[in-house]
Number of protein chains: 2
Amino acid sequence: MTMSSNSGGRRKPPTIHDVAREAGVSRGTVSRVLNGGHYVSPAAQEAVDAAIRRTGYVVNRHARSLITGRSDSVGFLLTEPQERFFEDPNFNVLLSGCTQALAAHDIPLLLMLAGTKDERRRITRYITAGHVDGVLLVSSHSGDPVAEELREAGVPLVACGKPIGLGSKVSYVAADDRDGARDMVRHLVSLGRRRIGVVTGPLDTPGGVERLAGYKEVLAEAGVEVDERLIVSGDYSRASGEAGAERLLAQAPDMDAVFVASDLMAQGVLAVLQRAGKRVPEDIAVGGFDDSPAATAVTPALTTIRQPWDRISTEMVRVLLAQIGGEDPAAVILPTEFVRREST
Amino acid sequence: MTMSSNSGGRRKPPTIHDVAREAGVSRGTVSRVLNGGHYVSPAAQEAVDAAIRRTGYVVNRHARSLITGRSDSVGFLLTEPQERFFEDPNFNVLLSGCTQALAAHDIPLLLMLAGTKDERRRITRYITAGHVDGVLLVSSHSGDPVAEELREAGVPLVACGKPIGLGSKVSYVAADDRDGARDMVRHLVSLGRRRIGVVTGPLDTPGGVERLAGYKEVLAEAGVEVDERLIVSGDYSRASGEAGAERLLAQAPDMDAVFVASDLMAQGVLAVLQRAGKRVPEDIAVGGFDDSPAATAVTPALTTIRQPWDRISTEMVRVLLAQIGGEDPAAVILPTEFVRREST
DNA sequence: TTCTCTACTGTGAACGCTCACAGAAGCATG
DNA sequence: CATGCTTCTGTGAGCGTTCACAGTAGAGAA
């Protein structure tokens, strides 16, 4: 009479009705068991549990979502070509941090890639159709139309890093880039260095802008003149670090320290300096940023600024869930940490 | 009277009803417009289009899915720690290939990570609850419980690479690893090499097993004795390639060629050989596998076996969609391509 | 004219679930 | 014994959509 688990076959899955009949209770009671079990007698609870096990029932989330208006899942949206992120160690930490933080609430995370314009359209539609309750946005560059669109559609949204183009109406969580940069440059100054170069990040990203700002602020405080020949830009890649270092050596041969806005770029910088016969840190002190695995993989190990990626991810999730719960957008800025190693 | 696009606010989104009223037609007509526009008069079509634009309507996919039983999205499931994949260039090709192939059908792809046991439970529940129509599974290792679970639940499933543990009831798309390995080893033999070493992949993966099998087959054909000292295993990582090469050099100093089951490992092998003062290819010819970016990034450029990742992804999508459409599971094996470069 | 066919439109009835409400049962209190 | 309170249970309505079906109008054929 009872049918065994419908292995293989493609028959209709059991509904809450089937479970109710099997357990000898009503739909309502089954639903209550499913949603926390309040106001359910022990006997009913047990009968329902057994019936669920016997029928192999799983709730149909479409039906549930239709009425609750919730999907109980959140999206992790990348609006740039994936490779950029996948090769970034910080990204992996961020992603697994978010996954874990959400896991505590039993919420699955869906990674959505929207590298092309076409993809963005499709994904935006998917999101606004209510398939996720909120979005964790990782898109470093400014002028991202997706963020604006989602915000307009009223989708709860938390960005990683301050979105440049948007107003203050969108939540974000960011490390205190400027303060981190200040710590590093202040450290270099305290070592007696005065011809301090900088390889910035892309200047259309908040990180790029802020870290450069911190650099300039400290020089101003210290009464050191800002020399444009000591400032070059990169794109956070190792290769751009090499290019930047070569440019700096050519433009300012008397450079005695360099602040590099990412460890990956610093890796490239170190390679070029060593090739050029410069001793690190004796001739040129090198400061990185991120405290990524690259920082310790390299010789000499990098003095760097640790970004609190673990806290960033948990904060992003916290703010997003709060916003889904109806709270207003919020900005969270987290402190960075100075890590002294051998390169300075 | 008409309300402007509800920017910012959190009010109820418009339903198909609102659109129908706005356009002066019935729900049915709006629905027909939404689903291809057959049996709709030009006048109605236009009125509905206008109404949709005016109200900013987007279909509620939960409601649609509830009745159609479809979610019009597919999942891309990783059942292993993410890092393994993210740092693998093949993986990126595969992922974007699938995304593109699905885009042609206007189907969004959801990347789901299930590295931990807990995650796996959550994701399995999510999938079986009908949130995706099918799953593209990437899990190289055998004995993956998720695949079995999904298959039992009747979820359309296509694996990348032959799943070892499972029966023939699950679809998969794979490159012809054995044949590719045969091509490479035959090439080495044709160069006159007889002491041919091999660094295999993990032997609990189909790739690891098959490539080793191809190696042994060719040696048997060529009448060359299989020497266990010439066989070591790696895990596809660069580091394991280095370790493997060191072991081989120690165990079989007379080795005159080595077939390495991945380009990344081959990179490590090359480094060790050069450090040991061996000339490649003069002293030792090196053959890789994958034709990944690493193959050309290295000196000398690697002779290798190209895996047809672009075709693999399109085939995976094709098979999955067919299966969602009701067809039976299928296995697809794609030919590899021999690429001659400077390392042999 | 009358009939058939095609192109189009509107209307219930689902889909599987949750929610609000009404009611029953048990128990203590007045 | 009625009253109120708490705990538990069942029922109907409805979420927003598609689908099947019935129906209308107009064109062409008999």
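Since the model is a prediction, treat every value here as computed from it, not as a measurement. To find a chain, count down the sequence lines: A is the first, B the second, and so on, and within it residues start at 1.
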Between B/Ile67 and B/Ala44, which has a closest nucleotide on DNA chain C that is more 5'?
B/Ala44
State, to 0.1 Å, how close B/Glu149 and B/Thr124 come at their nearest heavy-atom pair, and which atoms those are.
OE2-CG2, 3.1 Å
From D/dT9, D/dG10, D/dT18, nucleotide with atom closest to A/Val40 side chain:
D/dT9
How would you label the contact of B/Arg32 with the nucleic acid (heavy atoms, under 4.0 Å): base, sugar-phosphate, or nothing?
base
Under 3.5 Å, is there a donor-acceptor pair between the side chain of A/Thr55 and the main chain of A/Val19?
no
Atom CD1 of B/Ile16 and atom C1' of C/dG12 are separated, to the nearest Å, by 15 Å
Can you identify which nucleotide, out of C/dC17, D/dT17, D/dG16, has its nearest atom closest to the A/Tyr57 side chain?
C/dC17
If I compare all heavy atoms of B/Ser71 with all of B/Ser65, which pair ends up nearest, and what's the gap?
CA-OG, 3.6 Å
For atom CG of B/Asp18 and atom P of D/dC15, their distance in whole Å:
11 Å
In this structure, how many angstroms lie between the P atom of C/dT9 and the CZ atom of B/Arg21, rounded?
19 Å
Send over the distance from A/Arg70 CZ to C/dC19 C1', rounded to a whole Å.
15 Å
A/Thr68 has its side chain closest, among C/dC19, D/dT18, D/dT11, to C/dC19
Parallel, tilted or perpendicular, as decided by the 30° and 60° cut-offs, for the rings of A/His62 and B/His62:
tilted
Under 4.0 Å between a side-chain N or O of B/Ser41 and OP1 or OP2 of C/dT9?
yes
Spacing between A/Arg61 atom CZ and D/dT17 atom P, to the nearest angstrom:
21 Å
Do the side-chain N or O atoms of A/Ser26 get closer than 4.0 angstrom to the phosphate oxygens (OP1, OP2) of D/dT9?
no
If you compare every side-chain N and O of A/Asn60 against the phosphate oxygens of C/dC15 (OP1, OP2), does one of them come in below 4.0 Å?
no
Using heavy-atom distances to pick each residue's nearest nucleotide on DNA chain D, tell me which of B/Ala63 and A/His38 is more 5'.
A/His38
Please give, in whole Å, the distance from D/dG16 P to B/Asp72 CG?
20 Å
Between B/Asp49 and B/Arg53 (salt bridge meaning N to carboxylate O under 4.0 Å), is one present in this structure?
no
When the distance from CG of B/Leu66 to P of C/dA13 is rounded to whole Å, what number comes out?
18 Å
Just how far, in rounded Å, is P of D/dT9 from CD of A/Glu46?
13 Å
Counting only side-chain nitrogens and oxygens, does B/Thr29 get under 4.0 Å of the OP1 or OP2 atom of C/dG10?
yes
With a 3.5 Å cut-off and just heavy-atom distances, do the side chain of A/Arg27 and the base of D/dG12 make a donor-acceptor pair?
yes
With respect to the phosphate group of C/dG10, does any side-chain polar atom (N or O) of B/Tyr39 fall under 4.0 Å of OP1 or OP2?
no
